[in-house]
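Note that the structure is a prediction, hence the values are computed from the model and not measured. Read the numbers this way: they start at 1 and go in the same order the structure lists the ligands and their atoms.
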Amino acid sequence: MPYAYDPLNIFARILRGEIPNKTVLETAHTLAFHDIGPHAPVHVLVIPKGAYVNFDHFAGEASSEELVDFHRSCAQIIAQLGISPGQGGAGYRTISNAGEDGHQEVPHYHMHILAGRPLGLMLSKA
Ligand code: AMP
C-alpha cells in the first residue's frame, strides 16, 4: 500500500513558510528547528524537505542524496550543540516515532535530538 502523505500537516506548513520556526540548520534537503514543547534543555527536530510520512517511508524511498544530507545534517547539529560523547559532550538521544503505537503526532518524518540532562531509561516496561 502506498504511503499517504497529508500536505496540511504542521511540518509541511513550516516547510512552505506558513508557520514560523526557530531554525537550527537548513540544507538543500533538510531542515532542523527547535521543538515548540521541549522535553529536555536541548530538543531539536530534524526533518527532510521531501514528503515522507515516517522513518520507514524515508529510509525506503528517499534518494541517496536526501538520505546522506539528512544524516550528515544530524551529525552537524550534534557537533554544533557540543553533545557528542565522542567529542567531549555528555551525550544525547535520537527518537523517531511512527504511527499509532509509536505515538507519532505529526505525520511528516522527523528525528528528535534530545540532550542537556540525564534522559533516563529508554522506555518504561509497562
Ligand atoms: P511526534 O510525537 O514524534 O510526532 O512529535 C511531534 C513534535 O512536534 C512534538 O514534540 C511537538 O512539540 C512538536 N511540534 C509540534 N508543532 C510544532 C511547531 N509548530 N514547531 C516546532 N515543534 C512543533
Side-chain angles (χ1 to χ4, degrees):
M1 197 162 77
Y3 291 88
Y5 181 80
D6 171 12
L8 298 180
N9 80 74
I10 200 141
F11 293 170
R13 298 185 63 200
I14 285 177
L15 285 168
R16 288 196 296 269
E18 295 167 9
I19 294 177
N21 74 92
K22 289 190 178 168
T23 301
V24 175
L25 177 143
E26 182 167 11
T27 69
H29 298 293
T30 306
L31 178 68
F33 50 90
H34 292 285
D35 194 292
I36 205 168
H39 285 254
V42 172
H43 191 167
V44 172
L45 300 173
V46 189
I47 69 173
K49 290 186 174 177
Y52 300 102
V53 174
N54 59 25
F55 169 76
D56 56 273
H57 188 196
F58 182 63
E61 295 188 12
S63 67
S64 304
E65 209 179 319
E66 291 175 295
L67 290 165
V68 169
D69 188 90
F70 182 87
H71 291 95
R72 291 279 197 271
S73 295
C74 290
Q76 197 180 321
I77 292 158
I78 287 163
Q80 233 169 264
L81 295 169
I83 56 177
S84 169
Q87 297 175 310
Y92 60 89
R93 180 171 295 156
T94 55
I95 298 176
S96 169
N97 299 314
E100 200 180 325
D101 281 0
H103 244 274
Q104 181 178 9
E105 286 170 22
V106 181
H108 179 109
Y109 173 51
H110 50 283
M111 181 77 88
H112 297 258
I113 300 176
L114 297 144
R117 67 168 172 80
L119 294 165
L121 293 173
M122 184 168 62
L123 285 176
S124 68
K125 290 190 176 171

For the ring pair Phe58 and Tyr52, is the centre-to-centre distance below 6.0 Å? yes

For the 3.5 Å polar cut-off, considering only N or O atoms, please tell me whether Gln104 and ligand 1 meet it. no

If you scan protein heavy atoms around atom 19 (N) of ligand 1, the nearest is Ile14 CD1, 3.9 Å

Looking only at the aromatic ring of each residue, does the gap between the centers of His108 and His110 stay below 6.0 angstrom? no

Is it true that Lys22 lies under 4.0 Å from ligand 1, counting heavy atoms only? no

Return yes or no for this condition: an N or O of His39 is under 3.5 Å from an N or O of ligand 1. no

Report the nearest protein non-hydrogen atom to atom 15 (C) of ligand 1: residue, atom name, distance rounded to 0.1 Å. Ile36 CG2, 4.1 Å

Report the distance from atom CD1 of Ile47 to atom CG of Asn21, rounding to the nearest 0.5 Å. 8.0 Å

Could you establish whether Val106 and ligand 1 come within less than 4.0 Å of each other, counting only heavy atoms on the residue side? yes

Atoms in ligand 1 with a heavy atom of His103 nearer than 4.0 Å: 2 (O)

Just wondering, do Lys49 and Glu26 contact through their side chains at under 4.5 Å, heavy atoms? yes

May I ask you to check whether His110 has an N/O atom sitting below 3.5 Å from an N/O atom of ligand 1? yes

With Tyr109 as reference, evaluate Phe11, Phe70, Tyr5 under the ring pair (Phe, Tyr, Trp, His ring centres under 6.0 Å) test and give the passing residue. Phe70

Looking at atom 9 (C) of ligand 1, what's its closest protein heavy atom, distance included? Asp35 OD2, 3.4 Å

Nearest non-hydrogen protein atom, atom 4 (O) of ligand 1: Glu105 N, 2.7 Å

